[in-house]
Amino acid sequence: MKRLDLIFGERELDAILTALEAAEVPGYTVLKHATGKGPQTVVSEDMEFTGLGANAHVIVFCELETIDKVRENIRSILSYYGGVAYVSEATEL
Amino acid sequence: MKRLDLIFGERELDAILTALEAAEVPGYTVLKHATGKGPQTVVSEDMEFTGLGANAHVIVFCELETIDKVRENIRSILSYYGGVAYVSEATEL
Amino acid sequence: MKRLDLIFGERELDAILTALEAAEVPGYTVLKHATGKGPQTVVSEDMEFTGLGANAHVIVFCELETIDKVRENIRSILSYYGGVAYVSEATEL
Amino acid sequence: METNLILQNVLTPPVLFFFLGIVAVVVRSDLEIPAPLPKLFSLYLLLAIGFKGGLALEKSGFGGQVFPTLIAAILMSLLIPLVCFVILRLKLDVFNSAAIAAAYGSISAVTFITAESFLESQNIPFDGFMVAALALMESPAIIVGLLLVKLGAPKNRPNIQEMKWRSILHESMLNGSVYLLLGSLVIGFLTAAHNPVGVDKMQPFTGKLFYGAECFFLLDMGIVAAQRLPSLKKAGSFLIIFAVLIPLLNACLGIFVAKALLLGPGNSLLFAILCASASYLAVPAAMRMTVPEAKSSYYISTTLGLTFPFNIVIGIPLYMGLVNKLIPSIG
Amino acid sequence: METNLILQNVLTPPVLFFFLGIVAVVVRSDLEIPAPLPKLFSLYLLLAIGFKGGLALEKSGFGGQVFPTLIAAILMSLLIPLVCFVILRLKLDVFNSAAIAAAYGSISAVTFITAESFLESQNIPFDGFMVAALALMESPAIIVGLLLVKLGAPKNRPNIQEMKWRSILHESMLNGSVYLLLGSLVIGFLTAAHNPVGVDKMQPFTGKLFYGAECFFLLDMGIVAAQRLPSLKKAGSFLIIFAVLIPLLNACLGIFVAKALLLGPGNSLLFAILCASASYLAVPAAMRMTVPEAKSSYYISTTLGLTFPFNIVIGIPLYMGLVNKLIPSIG
Amino acid sequence: METNLILQNVLTPPVLFFFLGIVAVVVRSDLEIPAPLPKLFSLYLLLAIGFKGGLALEKSGFGGQVFPTLIAAILMSLLIPLVCFVILRLKLDVFNSAAIAAAYGSISAVTFITAESFLESQNIPFDGFMVAALALMESPAIIVGLLLVKLGAPKNRPNIQEMKWRSILHESMLNGSVYLLLGSLVIGFLTAAHNPVGVDKMQPFTGKLFYGAECFFLLDMGIVAAQRLPSLKKAGSFLIIFAVLIPLLNACLGIFVAKALLLGPGNSLLFAILCASASYLAVPAAMRMTVPEAKSSYYISTTLGLTFPFNIVIGIPLYMGLVNKLIPSIG
Ligand SMILES: Nc1ncnc2c1ncn2[C@@H]1O[C@H](COP(=O)(O)O)[C@@H](O)[C@H]1O
Ligand SMILES: Nc1ncnc2c1ncn2[C@@H]1O[C@H](COP(=O)(O)O)[C@@H](O)[C@H]1O
Ligand SMILES: Nc1ncnc2c1ncn2[C@@H]1O[C@H](COP(=O)(O)O)[C@@H](O)[C@H]1O
Ligand code: NA
Ligand code: NA
Ligand code: NA
C-alpha cells in the first residue's frame with residue numbers, strides 16, 4: 001500500500017477531494033487549519049480570518065494504481081495554486 | 001523504528017489510547033478534529049457539533065515488537081467501530 | 001526525498017522554525033493543537049488554556065543533505081525541552 | 001389561518017436566520033461557522049435554557065399541573081420510540097430502527113426554544129416549568145432504544161461492547177448536553193431559592209442575550225441542515241416520508257395528551273413540540289457508542305436534515321393552529 | 001483642529017484596543033487570539049451591522065437622499081478600482097494590479113463601524129441607511145477587478161480556471177462575508193416591517209453588545225495588522241506609498257461626491273470612509289480563487305497592514321476635519 | 001458562622017457552575033468545552049477586569065489608601081515566593097521549588113473575581129482599585145522565581161537557555177495575560193478620563209455580561225481542575241498538603257497586612273485572596289520557557305487542581321470569617 005500526503009490551500013479542498021473521489025480512493029482524511037511555508041507562499045494563522053484560508057493536509061492510504069490515476073489531476077491543481085504532494089510506503093496494521 | 005498511523009472516530013480515542021498504553025508505547029501524538037471518508041462512513045465537520053465527534057489521527061513512533069503487541073487489540077476496535085491503521089518505516093533523527 | 005516529522009511543545013515553535021529556515025528547507029507545514037504523551041510529559045488539551053501550550057507537529061519534505069544540516073540544531077532543542085523527530089522516505093507525486 | 005401563522009412564524013428573526021443558512025448552502029456561498037463556534041452556542045443555549053427553567057420551576061413549585069405534566073412527558077418519551085420502532089421495522093433492521101426511534105422519542109432543545117420565541121411573538125403565555133419536561137424527556141428514549149437493541153439484536157453481536165446496564169444509563173443520563181441542561185436547571189433552582197442577587201446578575205447573560213444567540217445558532221443550524229439533505233436522498237423515500245409524517249403524528253399525540261392534562265394553549269404547543277421534535281445532539285452521541293451498527297447518516301439526516309427544518313418552519317405554526325382549534329384559550 | 005480630532009479619536013476604546021494589539025506585536029508579547037475566535041467576532045459584527053442597517057433602512061425608506069446615495073456608492077466602487085488600476089500598472093503586472101485595485105474599490109466594514117463610533121462619541125448624527133451603501137460597495141469592485149484580469153491578462157493563462165461570468169458573479173456576490181451582511185440587512189428590514197417584538201429582543205445582542213465586541217475585535221486586528229508589517233517591507237516602497245496616499249485621494253473623491261449629494265457631515269464622513277477603506281475580508285477570498293497569479297501578500301499587507309491602521313487612527317479624524325471644512329453642518 | 005458563609009458562597013451561581021464542572025469529571029460525563037473556547041472566556045475576563053479596574057482607578061485616584069495598598073501588594077508578591085521557596089526546598093529541587101514558589105507569589109484573576117462576586121452577594125463594599133493590586137502582583141513573583149533559579153541552579157545548566165535579564169523581564173511583564181490585564185487597565189483609565197461616552201457604551205460588554213461569562217468559565221475551570229486531580233496524587237502528599245496549607249498561611253499574612261493598611265473588610269478579603277491564590281495562567285507559561293527543568297505537572301496540579309478549588313469553595317468564606325473577626329466593619 002501507498003500513503004499519499006497532500007498539502008495545499010483549504011480553498012482548493014473541494015477540487016482535490018473531487019479528484020480523489022474520481023480516482024476511487026478507498027478513503028481519505030483531512031486535517032484543516034495547517035499553516036506553513038512553501039516555495040511560493042507563507043500561510044499564517046491569520047489567513048483563516050481574512051478569508052484566504054489556511055492549508056489542508058490530506059492523507060490517503062491506497063494502492064499504487066489509484067495513485068497513478070490521481071496523479072495528473074492533482075499535479076495540475078497543485079502546480080496552479082501551489083501545494084505539495086508526496087508518496088511513501090505503508091503497510092496495513 | 002516504525003511509525004503507526006491510526007485514524008478513527010474521536011469517541012474511540014480513550015479505548016485506543018488505553019490499548020496503546022497497555023502495549024507500553026514510548027509515546028503517542030493525537031491530532032483531533034480530522035474529517036474524512038472511509039469505506040463505512042463520511043465524517044464532516046458538523047459531526048463535532050452533533051456530538052458524534054470528528055476523527056482523531058494518532059501517530060506512534062515505536063519498535064516493531066510494540067506494534068505486534070498492540071495489533072490485535074487495535075484491530076478489533078477498528079473493525080467494530082471503523083477506522084484505519086497503517087505502519088511505515090521511520091528512523092530517529 | 002525525505003520526510004521529517006517533528007513533534008514538540010508549541011512554545012518552541014519559533015526556535016524550531018528558525019532552525020529549519022537556517023537550514024534552508026524548501027518548505028514546511030505546521031499542525032498545532034496536537035496533544036500526546038512522551039517519555040517526559042503528558043500534554044492534554046487544557047494545557048493550551050493554561051498558557052503552557054499544546055504540541056505542534058511539523059512536517060518537512062526535503063533532501064537528505066538538508067536534514068543533515070538541521071539535525072544538530074533540532075536535536076539540542078528537543079533534548080532540552082522534550083519532543084521527538086523522525087525521518088522517513090518519500091517520493092514526490 | 002394556519003397559513004397566516006406560518007407566515008408570522010417565518011418572519012421572525014430566528015426563522016429568517018435559519019433560512020439564511022439554508023440558502024447559503026443552496027446558492028453555494030462559502031459562508032461557514034467554523035468549529036467549535038457552533039459548540040459555543042449550543043453550550044450557551046443549554047446552559048441558559050436550563051438556568052431559566054430552574055428559576056421558573058422554583059417559582060411555580062411542583063404543584064398544580066407541574067407534576068402531572070412531567071410524568072406525562074416521561075411517559076411520552078417512553079411511548080413514542082416504541083411507536084416509531086414498530087413503523088421503522090417495516091423497512092429497516094433492528095439497529096437502525098432502534099437508533100432512529102430513540103432520536104424521535106427524545107427532544108430537540110433548539111426546536112423548543114424556537115417555539116417559545118414564536119409564542120412570545122404571538123403574546124401567548126407559557127410556563128417555565130415546561131423546560132423541566134424538556135430535560136426529563138431527553139434520556140428515557142435513549143434507554144428504550146438501547147433496550148430494543150438488547151432485546152431484538154442477533155445473539156452474535158461482538159462482545160466488545162456488551163451492553164451493560166451501567167453503560168446504558170451512563171450514555172443516556174450523563175451525555176454532555178443532557179448533563180449541562182439538567183445541571184443548569186438545578187443551579188437555576190438553587191439560585192432562585194437562595195441567591196436572588198445572583199438571579200439578577202445572570203439575567204443579562206442568560207436572559208437578554210438569549211434571543212440573539214438563538215438567531216446566530218439557527219443560522220448555523222440552517223447551514224448544517226441543508227448540508228444533510230444530499231445524504232437524505234441516499235436514505236431513501238421511506239425515511240423521508242417518515243421524517244415528515246412522524247412529527248405530525250407525535251404532535252397530535254402530544255396535543256391530545258396536553259388537552260387531557262388541561263394545559264393552556266402555550267404549554268400545549270410546547271408539549272406538542274417536545275413530542276414532535278427529534279434529538280440530534282444527545283441521541284447520536286449515545287448511539288454512536290452503543291449501537292455502532294446503526295448508520296449514523298440515517299439518524300442524523302432524518303432528524304437534522306428534515307424533521308428539524310420542518311418543525312421550525314411549518315410545524316410550530318401548524319401545531320399552534322391545531323392547538324387553537326382543540327384547546328380553548330383561558331384568557 | 002485636526003490634531004485635536006485625531007487625539008479625541010485615539011482616546012476612544014476601539015482605537016485604544018487597536019493600539020494595544022499593535023503594541024503587543026511590537027514588544028513581542030505572546031498575546032494571541034487563537035483561531036477561530038476572530039472569525040466569531042467578524043461573523044458577529046457583520047450580522048449585527050447588517051441587521052441594524054436593515055432596521056434603519058426600513059425606517060428611512062428609499063426616498064430622499066437614500067436612493068441617490070446608494071447609486072453614487074455603487075458608481076464609486078466601480079470607478080475607484082479603475083483609478084487604482086491605472087496607478088498600480090505603473091509598477092505591477094496585470095494580476096497584482098487588478099487584485100489590489102479590487103481591494104481598494106471594495107470596503108472595510110470594521111473601518112466603517114469605527115467611523116460610526118467616532119461620530120457617536122462626537123455627537124454627530126448619521127443615517128443607518130449608509131450600511132446599505134456599505135453592503136452595495138462590496139461586490140462591484142470585485143467584478144471590475146476580475147474584468148480587468150479578463151481583458152488584460154496574457155492569452156495563455158492556464159485554462160484550469162477559465163473565468164466564467166458565473167464564477168465571477170459567484171465569487172463577488174456570494175462570498176461568505178458579503179452574503180452574511182446582505183442577508184442580515186434583509187432580515188433586519190423584514191423584522192422591522194413585520195415583527196417589532198423581534199427588533200426589541202435582538203437589541204441586547206446586536207445593539208448593546210456591539211461596542212464591546214468591536215473593541216475585542218480591534219484588539220485582534222491590531223495584532224494581525226502589526227504582523228503584516230514585515231511583509232509590507234518586502235512589497236516595496238511603491239506599495240507602501242500607495243497604501244497611504246490612495247485612501248486620502250479616495251476620501252477626497254468621496255467627500256466631493258457627498259457634497260454633491262448634499263449629505264450631512266456624518267453621512268459624508270461615512271461615505272468618505274467607504275471610498276477610502278479597502279477590503280481584506282471579501283476581496284482576498286475572491287482573488288485567491290480567481291486570480292491565484294496575484295501575490296496574496298501584496299493585497300493583504302497593503303490593505304490590512306497599512307491602509308486599515310491609517311484609516312482607523314489618522315484617516316477618520318482627518319477626513320472629518322475635511323468634511324467640517326467643506327460641508328456645512330445642518331444643525 | 002464560617003459554615004454559614006461557606007454555604008452562602010457555595011449557593012452562588014459561579015461556585016455552583018464550578019461544582020457542575022467538577023462533578024462532570026467525577027461522574028465521567030462527556031461534557032467538554034473544546035479549545036479555544038476557554039481561551040475566549042479567559043481573554044474576555046482579563047479584558048473586562050482590567051477595563052473596570054481602570055475606570056475605578058481613575059475615579060479613586062492614587063491618594064488615600066490606594067498607593068500604600070499597591071506598594072504592599074508588590075511587596076507581598078516578592079515576599080510570598082521566598083517563604084514558599086524555603087518550605088518547598090525541604091522536599092524538592094531548586095527548579096521545582098522556584099517554579100511553584102513563583103506560582104504562589106503570583107495571583108489568580110478568576111479567584112479574585114469570584115471573591116468580588118461573593119462580596120457583592122453579601123453586600124459588602126470594596127474598591128475598584130484593588131484590580132490594580134491584582135495587576136501589579138502578577139509579575140514580581142515570576143522575577144523572584146527566576147532569580148532563585150539563577151542563584152540556586154547547578155552551574156552546568158545547558159546554555160541553550162542562558163537566562164538573561166531581558167528574557168526574564170520579558171516573560172514576567174509581557175506574558176499575554178499580564179499584558180492584556182495591564183493594557184485594559186490603562187485603556188479603562190484613559191477612557192474614564194477622556195471619553196465618558198465610551199465608558200457607557202462598554203458597560204453592556206464589560207459590565208453586564210461579566211457575571212454570566214464568569215459562570216461559564218468557572219464551569220470549564222471545574223472540569224479542568226478535576227482533571228488535574230489524578231496527577232496530584234503522583235505529585236505526592238507533601239505537595240498536596242502544601243497546596244492547601246500555604247493559601248491559608250498567605251491569606252493570614254494578607255489579612256494582617258490589610259489590617260495594618262487600615263483597609264475595610266471588602267478590600268481586606270480581596271487582599272487576602274490575592275496573597276492566597278496562585279497563578280495557573282501567567283506563571284506556567286513563563287516557567288515552561290525559562291525553567292523547563294521544573295515539572296509542569298507539579299505547578300499546574302497544585303495551583304489548578306487543589307489551591308484554586310480550595311480558595312473558590314472554602315477559602316473565600318473562610319478568609320471572610322477571619323476578616324470579620326480581625327477587622328471592624330466601618331459601616
Ligand atoms: N517542502 C515542504 N515540506 C512540507 N510542507 C510544504 C513544503 N513545501 C510546501 N509545503 C506546504 O504547502 C503549502 C503551499 O506551498 P506553496 O506551494 O508555496 O503555495 C505551504 O504553505 C506548506 O504548508
Ligand atoms: N484509505 C484511507 N485513507 C485515509 N484515511 C482513511 C482511509 N479510509 C478511512 N480513512 C479514515 O478513517 C475514518 C473512518 O473510516 P471508516 O472505516 O469508513 O469508518 C474515515 O473518516 C477517514 O478519516
Ligand atoms: N513515541 C512517540 N510517538 C509519537 N509521539 C511522541 C512520541 N514520544 C513523544 N511524542 C510526542 O512528543 C511530545 C513531547 O514529548 P516529551 O519528549 O515527553 O516531552 C509528546 O507530548 C508527544 O506528543
Ligand atoms: Na420527540
Ligand atoms: Na474603498
Ligand atoms: Na498569591
Side-chain angles (χ1 to χ4, degrees), chain B residues 4 6-23 25 29-58 60 67-85, chain D residues 21 25 32-43 46 103 108 110 157-162 171 175-178 180 217 220-228 230-231 234 279-301 303-305 308:
Chain B
L4 175 62
L6 305 167
I7 302 167
F8 51 85
E10 276 180 12
R11 297 220 139 229
E12 283 85 66
L13 189 54
D14 278 348
I16 296 275
L17 294 187
T18 309
L20 290 177
E21 301 210 355
V25 296
T29 296
V30 181
L31 289 152
K32 288 172 89 173
H33 312 298
T35 54
K37 196 167 178 167
Q40 297 170 41
T41 48
V42 183
V43 176
S44 58
E45 237 164 290
D46 46 340
M47 296 288 170
E48 270 185 275
F49 135 79
T50 58
L52 282 180
N55 288 332
H57 178 192
V58 171
V60 185
I67 300 235
D68 290 336
K69 274 198 268 173
V70 99
R71 181 170 283 126
E72 212 156 310
N73 217 331
I74 299 272
R75 264 191 195 157
S76 81
I77 298 176
L78 296 188
S79 75
Y80 191 59
Y81 287 110
V84 291
Chain D
V25 176
E32 62 159 5
I33 299 180
L37 300 183
K39 187 88 187 180
L40 171 67
F41 285 95
S42 76
L43 289 171
L46 290 169
S108 150
V110 181
R157 266 191 106 198
N159 62 354
I160 192 174
Q161 180 68 32
E162 214 206 299
E171 282 303 321
N175 178 288
S177 55
V178 178
L180 181 56
F217 190 60
D220 184 59
M221 295 296 299
I223 297 174
V224 173
Q227 283 169 342
R228 290 286 113 202
S231 62
K234 277 188 218 151
S279 166
Y280 43 81
L281 278 180
V283 176
M287 291 302 141
R288 172 83 171 78
M289 288 306 284
T290 46
V291 196
E293 295 93 341
K295 281 202 170 201
S296 61
S297 67
Y298 282 7
Y299 49 80
I300 290 282
S301 301
T303 55
L304 196 52
F308 177 71

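Here is how names work: the chains are called A, B, and so on, in the same order as the sequence lines, proteins then strands, and each is numbered from 1. Any value given below was found using the heavy atoms of this structure, including those in side chains, with hydrogens, waters and symmetry copies removed.
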- Excluding sequence neighbours, so at least two apart, what forms side-chain contact (heavy atoms from CB on, under 4.5 Å) with L31(B)? L31(A), H57(B), I59(B), L31(C), A34(C), H57(C)
- Would you mind checking which part of E12(B) comes under 4.5 Å of any heavy atom in chain D, side chain (CB onward), backbone (N, CA, C, O), both or neither?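 Just the side chain, heavy atoms under 4.5 Å.
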Portion of [X] that has a non-hydrogen atom of chain B nearer than 4.5 angstrom:
X	result
I300(D)	side chain
F41(D)	neither
I223(D)	neither

- Give a yes or no on whether a salt bridge exists between E171(D) and R288(D), defined as a side-chain N under 4.0 angstrom from a carboxylate O. no
- Return yes if some donor-acceptor pair links the side-chain N/O of S279(D) with the main-chain N/O of V283(D) below 3.5 Å, else return no. yes
- Query: Using a distance-only test with no angle check, is there a side-chain donor-acceptor pair under 3.5 angstrom linking Q40(B) and Y81(B)?
  - Reply: no
